[in-house]
A.B. asks: 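Here it is, the structure, as structure tokens.
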There are 2 protein chains.
Amino acid sequence: MCDAGIVTTPPPGLRERKKRATREALREAALRLAVERGPDGVRVEDIAEAAGVSPRTYNNYFASREQAIVSAVTADREARIAAALAAGPAGARLADAVTEAVVGQYANTGEREQKALLLITTRAALRDAYLGSTAGIEPPLAEVLAARLGDAGAHTARVLAASVAAAVRIALEGWLRPAGAAEAAGGLVVPSGSLPDLLRAALAPLAPAFDAAERGTRP
Amino acid sequence: MCDAGIVTTPPPGLRERKKRATREALREAALRLAVERGPDGVRVEDIAEAAGVSPRTYNNYFASREQAIVSAVTADREARIAAALAAGPAGARLADAVTEAVVGQYANTGEREQKALLLITTRAALRDAYLGSTAGIEPPLAEVLAARLGDAGAHTARVLAASVAAAVRIALEGWLRPAGAAEAAGGLVVPSGSLPDLLRAALAPLAPAFDAAERGTRP
DNA sequence: CAGAAAATGTGCGTGCGCGCAACTTTGCTC
DNA sequence: GAGCAAAGTTGCGCGCACGCACATTTTCTG
């Protein structure tokens with residue numbers, strides 16, 4: 001009843017393995033075809049066929065074509081962030097631990113991911129899907145934060161997790177912005193830099209909130 | 001070049017007025033038909049016809065049927081929140097000012113809105129659209145916060161605005177939850193209460209971040 | 001005031017998201 | 001191993017979101 005859902009994986013089970021395999025096949029097929037033919041040259045029917053399932057089944061796994069393509073890059077980054085935070089030193093400042101966990105999981109820039117991200121930036125729909133994937137980090141992160149803050153801080157954990165997700169989204173927005181539209185107001189806003197720097201800068205304003213939460217539950 | 005987009009409205013212009021009228025007609029038609037026939041008994045064609053435009057034009061205003069229905073309730077709440085904050089006393093603590101501005105704009109529970117919200121809770125797609133509308137408060141809020149924090153804090157303002165939007169979303173989630181699915185983990189989490197209480201509770205963890213931002217730019 | 005320029009409204013066509021109701025596979029129990 | 005319940009897959013069909021090209025209206029400029 002109290003398992004975290006991640007730590008307990010006694011036997012993966014055949015059914016579960018098939019499901020994972022299907023999802024991965026769809027992810028990879030979607031990305032490969034998108035790279036080969038361009039983002040607009042690939043239809044759902046093609047992805048499903050390449051993965052060996054029916055188009056209807058494809059839709060049982062992904063709610064949109066963009067989601068499938070982006071999923072090949074985002075994979076299970078949410079779970080890895082939560083795992084990195086849970087595995088980190090318990091003595092460190094919570095704000096720093098969260099920042100490092102996030103930065104660490106967004107730092108691994110493989111050859112394939114680089115090409116995929118280049119493709120994602122070319123279509124607004126894909127960019128939105130990529131930015132929207134940050135919302136997925138909230139649930140697992142909230143769980144780990146609740147474990148650190150205690151049951152009394154479960155509510156705070158949820159808010160902080162959502163804030164982190166929002167900050168990450170902002171950092172990514174600033175990162176893959178093609179210096180496009182004119183600035184609406186406020187003048188110039190340090191356009192871009194390295195991703196880790198952007199992430200740290202975006203998470204920095206939240207540090208005081210983490211400090212207070214940490215102090216409030218463990219005086 | 002430096003106008004904020006809201007303060008400057010010299011002559012509304014004929015074109016702009018028509019646009020507003022069309023949007024409002026679509027909003028009202030969508031909500032009215034949804035209430036009359038139920039959420040599933042209204043099609044885009046009906047809404048467009050009731051508003052006196054073509055279905056294609058309808059889609060130029062709203063990206064989904066749910067968005068149109070929800071829009072009748074959310075209206076321009078984002079702008080009103082930002083306006084309330086901008087109009088508030090400049091001497092108060094920023095965190096309190098933001099909280100009061102948000103709570104105040106979600107407090108006005110009219111007769112019609114109450115019925116609309118009751119209808120929204122009955123469909124998952126409508127609930128999602130309503131929760132998604134909170135994202136819209138980020139841009140105007142970021143602008144007002146940037147004005148308070150100064151140009152150096154423009155970046156911080158953006159993050160804080162997004163965090164506020166996320167906190168509001170969480171509060172709304174807890175509010176219109178029909179006590180449905182089982183809790184995944186963490187046990188019981190104070191299920192619900194009055195909306196103002198939920199909003200204050202969700203925004204409270206962010207207060208230290210606001211304090212620090214305020215202190216950082218105006219020592 | 002006339003004509004250029006920009007923005008909206010509209011019809012058409014395509015691909016897609018998903019509810020529904022079968023059918024098949026997996027996992028559990030006796 | 002046989003049988004049963006739960007979970008997953010698939011075909012079908014409907015409505016919808018949106019790109020495109022064109023007609024129409026509003027606004028700007030000389």
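Throughout, a chain's letter reflects where its sequence line sits, starting with A, and its residues are numbered from 1.
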A.B. asks: Whole-Å distance between C:dG11 P and B:Asn60 CG?
C.D. replies: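 These atoms are roughly 12 Å apart.
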A.B. asks: Using the side chain to side chain contact (heavy atoms under 4.5 Å, CB included) rule, take A:Glu66 and A:Tyr130 through it: C-alpha gap first, then chi angles, then the decisive distance, then the call.
C.D. replies: CA-CA 8 Å; A:Glu66 290 76 23; A:Tyr130 185 67; over 6 Å; no
A.B. asks: Counting only heavy atoms not in A:Glu36, do more than 12 sit closer than 6.0 Å to its CD atom?
C.D. replies: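 Above 12, so yes.
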A.B. asks: Pick one: which of B:Arg77, B:Glu78, B:Arg169 meets side-chain contact (heavy atoms from CB on, under 4.5 Å) with B:Ile137?
C.D. replies: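 The residue from B:Arg77, B:Glu78, B:Arg169 that satisfies side-chain contact (heavy atoms from CB on, under 4.5 Å) with B:Ile137 turns out to be B:Glu78.
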A.B. asks: Is it the case that more than 12 heavy atoms not belonging to B:Glu49 sit under 6.0 Å from its CD atom?
C.D. replies: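 No.
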A.B. asks: Looking at every heavy atom in both B:Ser64 and B:Tyr58, which two are closest together, and how far apart are they?
C.D. replies: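 Heavy-atom minimum between the residues: O-OH, 3.2 Å.
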A.B. asks: Which nucleotide span of DNA chain D, 5' end to 3' end, has atoms closer than 4.0 Å to non-hydrogen atoms of chain A?
C.D. replies: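 The protein-touched segment is D:dA6 to D:dC12.
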A.B. asks: Have a look at the helix from C:dC1-D:dG30 to C:dC30-D:dG1 and give the angle its two end axes make, five pairs each, rounded to 10 degrees.
C.D. replies: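 Helix axis angle between the two ends: 40°.
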A.B. asks: Can you give me the closest heavy-atom contact between B:Thr99 and B:Arg200, atom names plus distance?
C.D. replies: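 Heavy atoms only, the tightest pair is CG2-CG, 4.0 Å.
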A.B. asks: Rounding to a whole Å, what distance do you find between A:Glu66:CD and C:dC16:C1'?
C.D. replies: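 To the nearest whole Å, that distance equals 10 Å.
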A.B. asks: Measure across B:Ala157 and B:Ala146 and return the closest heavy-atom pair with its distance rounded to 0.1 Å.
C.D. replies: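 Taking every non-hydrogen atom into account, CB-N, 3.5 Å.
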A.B. asks: What closest approach, in Å, do B:Ala101 and B:Leu85 show between heavy atoms, and which atom pair accounts for it?
C.D. replies: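 So the minimum-distance heavy-atom pair works out to CB-N, 3.9 Å.
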A.B. asks: More 5' along DNA chain C: A:Glu45 or A:Arg56, using each one's nearest nucleotide?
C.D. replies: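 Final value for this comparison: A:Glu45.
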A.B. asks: Quick one: on DNA chain D, does A:Lys19 or B:Phe62 contact a more 5' nucleotide (nearest heavy atom)?
C.D. replies: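 First, find each residue's nearest nucleotide; the 5'-ward one identifies A:Lys19.
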A.B. asks: Examine C:dT26: is either OP1 or OP2 under 4.0 Å from a nitrogen or oxygen in the side chain of A:Lys18? Give yes or no.
C.D. replies: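 A:Lys18 to C:dT26 OP1/OP2: side-chain N or O found under 4.0 Å.
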A.B. asks: Describe the nucleic acid contact of A:Tyr61 in one word from base, sugar-phosphate, nothing, applying a heavy-atom distance below 4.0 Å.
C.D. replies: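 The answer is sugar-phosphate, as A:Tyr61 gets under 4.0 Å only of primed atoms, P, OP1 or OP2.
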A.B. asks: Would you find a donor on one side and an acceptor on the other, under 3.5 Å apart, between the side chain of B:Arg27 and the backbone of B:Ala75?
C.D. replies: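 Side chain of B:Arg27 to backbone of B:Ala75, a donor-acceptor pair under 3.5 Å: no, none is there.
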A.B. asks: With 3.5 Å as the limit, what N/O pairs link the protein to nucleotides 27-29 of chain C?
C.D. replies:
unit_1	atom_1	unit_2	atom_2	d
C:dG27	OP1	A:Leu14	N	2.9
C:dG27	OP1	A:Arg15	N	2.6

A.B. asks: Check for a donor-acceptor pair, side chain of A:Asp128 on one end and backbone N or O of A:Ala125 on the other, with a separation under 3.5 Å.
C.D. replies: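 Between the backbone of A:Ala125 and the side chain of A:Asp128 there is no qualifying donor-acceptor contact (under 3.5 Å).
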A.B. asks: Would you please confirm or rule out a distance under 4.0 Å between OP1 or OP2 of C:dT10 and any side-chain N or O of B:Ser54?
C.D. replies: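 B:Ser54 to C:dT10 OP1/OP2: side-chain N or O found under 4.0 Å.
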A.B. asks: If you draw a 6.0 Å radius around CZ in A:Arg37, do more than 12 non-hydrogen atoms from other residues or ligands fall strictly inside?
C.D. replies: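 Atom CZ in A:Arg37 is crowded, with more than 12 foreign heavy atoms closer than 6.0 Å.
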